[in-house]
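See structure below.
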Amino acid sequence: MDEILKISGVEIRSRLWVGTGKYKDFKETKEAIEASGAHVVTVAVRRVNITDHSRENLLDYIDPKKYIILPNTAGCYTSEDAVRTARLARTAGISDMVKLEVIGDERTLLPDNEALIEAAKILVKEGFVVLPYTSDDPVVARKLEDIGCSAIMPLAAPIGSGLGIRNPYNIRIIKESASVPVVVDAGVGTASDAAIAMELGADAVLMNTAIAGAKYPVKMAHAMRMAVEAGRLAYLAGRIPRKLYASASSPLEGLIE
Amino acid sequence: MLPCEVRLFLSVDINVTINGKTESVAAGISLKSLLILLGIKSERVAIEYNREIIDRDQFDVLHLKEGDRLEIITFVGGGNG
């Protein structure tokens with residue numbers, strides 16, 4: 001039996017976490033989230049459209065009583081903007097949890113780790129449960145944990161790239177060194193990538209584009225759910241070591257002559 | 001019939017900036033009334049009033065004046081970046 005994942009004392013009932021961007025409409029968003037079995041759902045913080053009154057709200061489709069709504073600071077390029085966005089999200093939302101992102105480069109959307117650490121320090125001090133999106137750097141991961149972050153969220157590959165786990169060894173090192181949960185965040189392309197992340201020992205995987213951008217998002221959400229479960233189970237079961245030569249699995253005795 | 005001072009007060013428009021756009025609103029309108037006017041459900045938004053976050057229970061006691069700047073945010077679909 002697997003232990004229940006906890007983030008800062010909160011029980012998380014899924015190891016697949018999903019984003020809510022890039023879907024055709026809210027109906028598809030809802031169906032994909034349901035198929036994914038995700039308990040944690042991340043959302044962005046943006047200005048209300050004040051000229052279009054007819055627009056529906058995302059939270060009309062994703063019940064905050066059923067899911068853990070995880071606001072993110074996506075789109076922030078400075079620690080000031082990220083802190084400001086996190087504070088607004090806390091006021092509008094229902095929890096102190098924030099997926100902290102400080103982007104350092106428009107083309108790669110890679111994190112600005114220096115600004116990330118700065119923002120994390122401020123938010124931890126203000127009582128936020130900070131889940132930082134970071135590069136797959138074990139030293140940065142350790143620093144984030146040291147300042148009081150409640151999880152580490154290293155990228156598998158750049159956001160939306162679908163390249164899969166580019167540095168599995170770093171993900172393993174981050175996981176082996178961390179005493180807070182490690183959630184692989186961004187870069188997953190298909191189900192096998194999610195399974196690999198879990199086989200490496202990640203506590204959870206967060207994805208958006210891999211599902212929303214698939215030809216059939218609801219089907220892919222289902223595939224990801226199974227992949228994350230399979231990968232987790234394989235990690236717990238313990239894989240065999242890699243060997244250069246064969247090792248027969250049938251008895252060597254009793255062969256006919 | 002409202003007293004003359006009140007009617008005069010109500011008829012004056014002021015300019016405030018809402019989400020980066022200049023809008024003309026009645027002087028002294030409360031944040032709560034503004035949200036109703038804009039058709040925004042207050043339970044899913046957060047508001048910065050001149051860069052300061054305003055608690056929801058202050059929405060009906062805070063009245064706007066000329067030059068105020070508001071940021072009204074909500075949650076939208078998004079994952080990373």
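When reading the values below, keep in mind they use all heavy atoms of this one structure, side chains included, and skip hydrogens, waters and symmetry mates. Letters A, B, ... mirror the listed sequences (proteins, then strands); counts begin at 1.
Looking only at distances, a side-chain donor or acceptor of A:Thr20 sits under 3.5 Å from a matching main-chain atom of B:Gly78. A distance-only check finds no donor-acceptor pair linking the side chain of B:Asn19 to the backbone of A:Asn49 [under 3.5 Å]. A donor-acceptor pair under 3.5 Å is formed between the side chain of A:Asn72 and the backbone N or O of B:Gly79.
More than 12 heavy atoms of other residues, nucleotides or ligands shown are found within 6.0 angstrom of CD on B:Glu66. The number of heavy atoms from other shown groups lying within 6.0 Å of CD (B:Glu52) does not exceed 12. Atom CD of A:Glu126 has more than 12 heavy atoms from other residues, nucleotides or ligands within 6.0 Å.
Pairing each heavy atom of A:Glu101 with each of B:Asn80, the nearest pair is OE2-CA, 3.3 Å. The two atoms that bring A:Pro71 and B:Phe75 nearest to each other are CB-CE2, 3.8 Å, heavy atoms only. Nearest approach of B:Arg56 to A:Ala92, heavy atoms of both residues: NH2-CA, 3.5 Å.
Only one option out of B:Ile40, B:Leu37, B:Leu34 pairs with A:Ile50 in a side chain to side chain contact (heavy atoms under 4.5 Å, CB included); it is B:Ile40.
Heavy atoms closer than 4.5 Å to chain A are found in the side chain of B:Ile53, but not in its backbone. At a 4.5 Å heavy-atom cutoff, A:Leu155 makes no contact with chain B through either its backbone or its side chain. With a 4.5 Å cut-off on non-hydrogen atoms, B:Glu48 touches chain A through its backbone and its side chain both. For chain B, the nearby part of A:Ile159 is the side chain; its heavy atoms alone come within less than 4.5 Å. Only the side chain of B:Glu23 comes within contact range of chain A, with at least one heavy atom under 4.5 Å from a heavy atom of that chain. Contact annotation for A:Ala89: both backbone and side-chain heavy atoms come within less than 4.5 Å of a heavy atom of chain B.
Among the candidates A:Ile103, A:Asp185, A:Thr29, the residue making the largest number of heavy-atom pairs closer than 4.5 Å to chain B is A:Asp185. When each of A:Thr91, A:Thr209, A:Leu58 is scored by its heavy-atom pairs under 4.5 Å with chain B, the top score falls to A:Thr91. Options B:Gly77, B:Gly20, B:Ser42 differ in how many heavy-atom pairs under 4.5 Å they form with chain A, and the most are formed by B:Gly77. With chain B as the partner, the residue from A:Ala74, A:Ala186, A:Gly19 showing the most heavy-atom pairs under 4.5 Å is A:Ala74.
Separating the CD1 atom in B:Ile73 from the CZ atom in A:Arg84 is a distance of 10.5 Å, to the nearest 0.5 Å. If you take CD on B:Glu71 and CZ on A:Arg46, they are separated by 12.0 Å, rounding to the nearest 0.5 Å.
The shortest distance between side-chain heavy atoms of B:Thr74 and A:Asn57 falls below 4.5 Å.
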